[in-house]
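What follows is one structure encoded as structure tokens, with my remarks underneath.
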Amino acid sequence: MNSNLNKKIFLFCAINLLVGIHVVHANVQTCQNAPLIVTGKVIGSVTYFAEDCKKNWENQNIRLDFSYRQNIPEWAFKRAATHFLKKNIADFSYNSPLNNITELYHPVKKGDLYSLSYNQNSNTLTLSLNQKTLGAITDKKANQYFKIWFGSSPFNAKLKQQLLNP
């Protein structure tokens, strides 16, 4: 009986995981892919997904997938995110809900995949590592987190151009 119950629980969890991934990613298409370069070294790649690749990123469901070729400590993500949020969002403060996403970063190993997705209908920003949701925020300005890469002072201007110009 325990074995049968365990099988049912496993099946239920597997179906929910697959349905959840499908719902999060169902309404976006692959737009562009570009190398992720830090201090002249390619450390991975970034893929930009959107409902409509020609439409402004701020007005639709979007996702960025970051695939890493090397280990990166969590402090590096947190420091960079905070720095570029301050540069790109005039009223940014440490009390911002966006910091709740920044605090979720973990260290990555070669082969890891971070996904950052935004659902416009629910104003929800979700961070996942290797298809496991780390957390989410729901806020009317949640998509402003993408200004790290798409703002007026982005992480890398060439990366911004490569991702947003089809």
Side-chain angles (χ1 to χ4, degrees), residues 21 24-25 27-120 123-139 141-166:
I21 289 170
V24 169
H25 302 296
N27 53 356
V28 293
Q29 60 182 306
T30 304
C31 296
Q32 295 291 333
N33 182 276
L36 182 57
I37 301 171
V38 176
T39 61
K41 183 177 180 183
V42 177
I43 63 163
S45 64
V46 184
T47 305
Y48 171 57
F49 301 84
E51 287 178 314
D52 181 344
C53 299
K54 296 175 185 168
K55 189 175 167 186
N56 185 306
W57 66 269
E58 292 184 270
N59 303 318
Q60 62 180 319
N61 295 335
I62 61 172
R63 186 175 91 230
L64 288 177
D65 282 356
F66 300 85
S67 177
Y68 295 94
R69 295 182 183 175
Q70 68 181 52
N71 300 349
I72 300 173
E74 76 182 71
W75 64 262
F77 292 109
K78 291 177 179 180
R79 185 179 295 169
T82 300
H83 175 78
F84 286 100
L85 288 169
K86 284 181 187 177
K87 284 182 81 167
N88 287 288
I89 300 174
D91 60 345
F92 180 78
S93 74
Y94 288 105
N95 296 328
S96 169
L98 299 178
N99 273 332
N100 295 335
I101 291 295
T102 300
E103 289 303 314
L104 296 172
Y105 284 112
H106 294 4
V108 296
K109 301 180 299 269
K110 180 180 180 178
D112 281 350
L113 176 76
Y114 261 124
S115 291
L116 187 64
S117 59
Y118 175 72
N119 182 300
Q120 184 180 17
N123 294 315
T124 301
L125 179 68
T126 304
L127 180 67
S128 301
L129 178 59
N130 299 325
Q131 298 184 346
K132 178 184 174 196
T133 299
L134 298 176
I137 61 166
T138 300
D139 186 89
K141 295 183 179 181
N143 70 336
Q144 298 303 291
Y145 201 86
F146 288 93
K147 285 190 173 183
I148 293 171
W149 302 278
F150 301 152
S152 58
S153 297
F155 171 77
N156 182 306
K158 184 176 179 180
L159 177 66
K160 174 184 173 180
Q161 180 185 11
Q162 291 171 318
L163 293 175
L164 294 180
N165 294 324

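- Counting all heavy atoms, side chain and backbone alike, Ala136 lies closest to Thr124 at CB-CG2, 4.0 Å.
- Side chains of Val38 and Ile72 form no contact here, defined as non-hydrogen atoms less than 4.5 Å apart.
- Asp112 contributes no side-chain N or O that, together with a main-chain N or O of Ser67, makes up a donor-acceptor pair within less than 3.5 Å.
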Check against side-chain contact (heavy atoms from CB on, under 4.5 Å), Ile101 and Leu116
CA-CA 9 Å; Ile101 291 295; Leu116 187 64; 4.2 Å; yes
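- How far NZ of Lys109 is from CG of Leu129: 8.0 Å, rounded to the nearest 0.5 Å.
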Quiz item: Can you check side-chain contact (heavy atoms from CB on, under 4.5 Å) on Thr82 and Tyr94, steps first, answer last?
Solution: CA-CA 9 Å; Thr82 300; Tyr94 288 105; 3.8 Å; yes
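- If you take OG on Ser93 and CG on Leu98, they are separated by 9.5 Å, rounding to the nearest 0.5 Å.
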Would you give me the side-chain donor-acceptor pairs under 3.5 Å for residues 142-150, sequence neighbours excluded?
unit_1, atom_1, unit_2, atom_2, d
Asn143, ND2, Glu58, O, 3.1
Gln144, OE1, Lys147, NZ, 2.8
Gln144, NE2, Glu58, OE2, 3.4
Tyr145, OH, Thr102, OG1, 2.8
Tyr145, OH, Tyr105, OH, 3.4

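- Note that NZ of Lys158 and CD1 of Ile37 are 6.0 Å apart. Values are rounded to the nearest 0.5 Å.
- Residues Leu163 and Gln32 approach most closely at O-CG, 3.3 Å, considering heavy atoms.
- Distance check, rounded to the nearest 0.5 Å: CG of Asn165 to SG of Cys53 gives 11.5 Å.
- Within the 4.5 Å cutoff, side-chain heavy atoms of Asn99 are placed close to those of Phe92.
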| query | side-chain contact (heavy atoms from CB on, under 4.5 Å) between Phe155 and His83: does it pass, once the steps are laid out? | reply | CA-CA 9 Å; Phe155 171 77; His83 175 78; over 6 Å; no
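- Within 6.0 Å of the NZ atom in Lys141, the count of heavy atoms belonging to other residues, nucleotides or ligands does not exceed 12.
- Looking at Asn123 and Thr138, their side chains never bring a donor and an acceptor atom within 3.5 Å of each other.
- Summarising the geometry of Gln29 relative to Glu51, their closest heavy-atom pair is NE2-O, 2.8 Å, with the distance given to 0.1 Å.
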Query raised in the report: So Ser45 and Leu36, side-chain contact (heavy atoms from CB on, under 4.5 Å) or not? Walk me through it.
Result: CA-CA 5 Å; Ser45 64; Leu36 182 57; 5.6 Å; no
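- Of all heavy-atom pairs between Gln162 and Ala34, the closest is OE1-CB, 3.4 Å.
- Not one N or O on the side chain of Asp65 forms a donor-acceptor pair closer than 3.5 Å with the backbone of Ser115.
- Side-chain atoms of His106 and Phe77, non-hydrogen and from C-beta on, never get closer than 4.5 Å to each other.
- Rounding to the nearest 0.5 angstrom, the gap separating the CD1 atom in Ile62 from the NZ atom in Lys55 is 11.0 Å.
- Atom-to-atom distance recorded for Asp91:CG and Ser96:OG is 8.0 Å, nearest 0.5 angstrom.
- Closest approach of Asn156 and Leu159 over heavy atoms only: OD1-N, 2.8 Å.
- Among all heavy-atom pairs drawn from Ser117 and Arg63, the shortest one is CB-CG, 3.8 Å.
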